[in-house]
2 protein chains.
Amino acid sequence: MQAFKNRLSQYAVMDDQIWALIDEFTTKTVTYRAGEDIVRVGEVAETLFIVNKGWAVRHRTLEDGRRQIVNFMLPGDIFDLQALACLEADHTVTSVTDVSILVIDTREFVQLLRTSGDISSSFWWAAVQEESILREQIVRLGRRSAKERIGHLLLELQRRMNGAMGTNHSQLPLPLTRVDLADALGLTPVHVSRTMSAMRHAGLIEETRGVILIDDRERLARLCHFNTDYLHLRRLDLSKFPMANDTSHAGAATNEKTNGKRAPTYRT
Amino acid sequence: MQAFKNRLSQYAVMDDQIWALIDEFTTKTVTYRAGEDIVRVGEVAETLFIVNKGWAVRHRTLEDGRRQIVNFMLPGDIFDLQALACLEADHTVTSVTDVSILVIDTREFVQLLRTSGDISSSFWWAAVQEESILREQIVRLGRRSAKERIGHLLLELQRRMNGAMGTNHSQLPLPLTRVDLADALGLTPVHVSRTMSAMRHAGLIEETRGVILIDDRERLARLCHFNTDYLHLRRLDLSKFPMANDTSHAGAATNEKTNGKRAPTYRT
DNA sequence: CGGAGGATTGAGAATCTTCAATAAACGTGG
DNA sequence: CCACGTTTATTGAAGATTCTCAATCCTCCG
């Protein structure tokens, strides 16, 4: 639960009253052992999940066995918001470690969203962040080298873990095998192993018993063009949020970065 | 406008009253010439857009010039729903062809969502579809060969264009250069050219003056493991949609696909 | 007709993969 | 706490895919 609260706190100032509301409906906890399916392809989701402890992955497997991990779900992450649309899942969610998960009834959740603009805005924010992470994964897979992919993913996971835990450690417990990393990064485990070994020799990372240590974060970030913007870590400005309160606050921040070509032609 | 209506109609039964509501607020149309930026990295979005005519791409460019197209926006597509959170864009949206776009004020839009459960559910559906397309792009980039990537993308675009236009053509006007395709598929233009040439020779596709013809859709789909599920083309069942109406309809479809291991341990 | 942007082709090189063998780490039961 | 089996990681060598660079060829358009 703490992870989830840390997460939401990143996005908005939440007061005790709101925490009370949230506590009220997050009563059911389910635990899975490492490697179990939490959501299966083709299932119609009727609940939302919040990762409480442990790691899970969203992934898809092609007919011939090739597997792609779409993204990682860390403590504090909420999924599937799409369950709100009662759709069949087009992918599977599987635990990587032993995992404990809060299960939330969809209808209850929608009710909660309606009671508080702050809560709904936080969830919107979380959903946006999730999409952002997907887009970053696309860039990583499409346009980065093996070394960059690995470094970039490690930095992302470190950043997200610190966010979830409210810490700022330079080490990252990484409960993933080379196969997992390979399936996330569009590489083979062999090549992941080789590349990480090269990165260790280059002094970019250290690794001991499943814990990654990134001594010089700056250097690694520079090497693999890591930029944290997509994680949307800044605090949410609720006054700008249209769901938050109905008082129509006129034109918010008008930031005009009008450099370069741009010539919209108004027609009506 | 028609494209957008086609799009929404795929998701839910919309009556004239709803169309009237929608027409009311979609008054402003903006046009861009091919290659102009519609949304820039770092800008704070305050409006939503619906592509009316033409193609646009969402993309990111790394410092050293490598570019990755994240996804394509076709007629009827709505973006950026994330503008509802008033965030800075972490990517750029650029027109590929001359494009006409409907601009919607965020606050007005939120009002509309509140007036009709059918509308809001349709938009949820659209947002879910968009995320699904991103996930599919991840699988495509991570685990597919060049030939599969190209075939798969062509099939997706064909499917989406037909959906937007309400048609079922086997030809697809493709206003993309080899560079565009390469940037979308994580390849080089040279290799895209070579691979498409091979596909033409293999009789998988034909191409004349920017129009792709897929004679044997089945064969191509088999070759590149194309499965349309992720496009969520089926009609939305509104009775299951929690936003649609508040009458708490008990437990919807309980589909129990309990095959294989799965052992959740209930704790509370 | 000439120019410009886009597509194609060739040759050599880099990155990443495959297959196979070995080594290290981990968990379990004695 | 150690021995043993199992899983995971590493390493080598050869091969496939994809990339780079550079030249050539279209096609469209004024």
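Here is how names work: the chains are called A, B, and so on, in the same order as the sequence lines, proteins then strands, and each is numbered from 1. Here the structure is a predicted model, which is why all the values come from computation and not from measurement. Only heavy atoms go into these numbers, but all of them, side chains included; no hydrogens, no water, no symmetry mates.
The one candidate from A:Arg160, A:Gln158, A:Arg159 that meets the side chain to side chain donor-acceptor pair (under 3.5 Å) condition with A:Glu156 is A:Arg160.
Taking both residues in full, the closest heavy atoms of A:Thr97 and A:Gly54 are given as OG1-CA, 3.2 Å, listed atom of the first, atom of the second, then distance.
Ion pairing between B:Arg135 and B:Glu131 holds under the 4.0 Å rule for side-chain N and carboxylate O. Using a 4.0 Å cut-off between a side-chain N of Lys or Arg and a carboxylate O of Asp or Glu, A:Glu136 and A:Arg140 do not qualify as a salt bridge. Between B:Asp90 and B:Arg58, no side-chain nitrogen of the basic residue sits less than 4.0 Å from a carboxylate oxygen of the acidic one, so the salt-bridge criterion is not met. A salt bridge links A:Glu207 with A:Arg178: the distance from a Lys NZ or Arg NE/NH1/NH2 to an Asp or Glu carboxylate oxygen falls below 4.0 Å.
Distance, A:Arg144 CZ to C:dC16 C1': 18 Å, rounded to whole Å. Counting to the nearest Å, the C1' atom of C:dA7 and the CE atom of B:Met199 are 17 Å from each other. Atom pair A:Arg149:CZ and C:dT15:C1' shows a separation of 10 Å (rounding to whole Å applied).
Of the residues in residues 183-195 of chain A, those placing a heavy atom less than 4.0 Å from an atom of DNA chain C are A:Gly186, A:Leu187, A:Thr188, A:Val190, A:His191, A:Arg194, in numerical order.
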Name the atoms and distances for all side-chain donor-acceptor pairs under 3.5 Å in residues 164-176 of chain A, with sequence neighbours left out.
unit_1, atom_1, unit_2, atom_2, d
A:Thr167, OG1, A:Asn162, OD1, 2.6
A:Asn168, OD1, A:Arg217, NH1, 3.4
A:Asn168, OD1, A:Arg217, NH2, 3.4

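In this structure, A:Arg143 and A:Met196 both approach DNA chain D, and ranking their closest nucleotides by distance from the 5' end singles out A:Met196. Position along DNA chain D of the nearest nucleotide to B:Ala146 versus A:Ser197 favours A:Ser197 as the more 5'-ward residue.
Inter-residue side-chain proximity for A:Val70 and A:Leu134 is flagged as met; some heavy-atom pair is nearer than 4.5 Å.
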Atom pairs, protein N/O to nucleotides 23-28 of chain C N/O, distance under 3.5 Å:
none

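Residue A:Arg200 is classed as a sugar-phosphate contact, given heavy-atom separations below 4.0 Å to backbone atoms only.
Listed by first and then second residue, the ring-ring contact (aromatic ring centres under 6.0 Å, His included) pairs that reach into residues 55-79 of chain A are A:Phe49-A:Phe79, sequence neighbours excluded.
Taking a heavy-atom distance under 4.0 Å as the criterion, the stretch of DNA chain D touched by chain B extends 5' to 3' from D:dT18 to D:dC28.
Within a 6.0 Å sphere centred on CD of B:Glu63, other residues, nucleotides and ligands contribute more than 12 heavy atoms.
Looking at residues two or more places apart in sequence or on another chain, you find a side-chain contact (heavy atoms from CB on, under 4.5 Å) between A:Arg143 and B:Arg66, B:Gln68, B:Ala182, B:Asp183.
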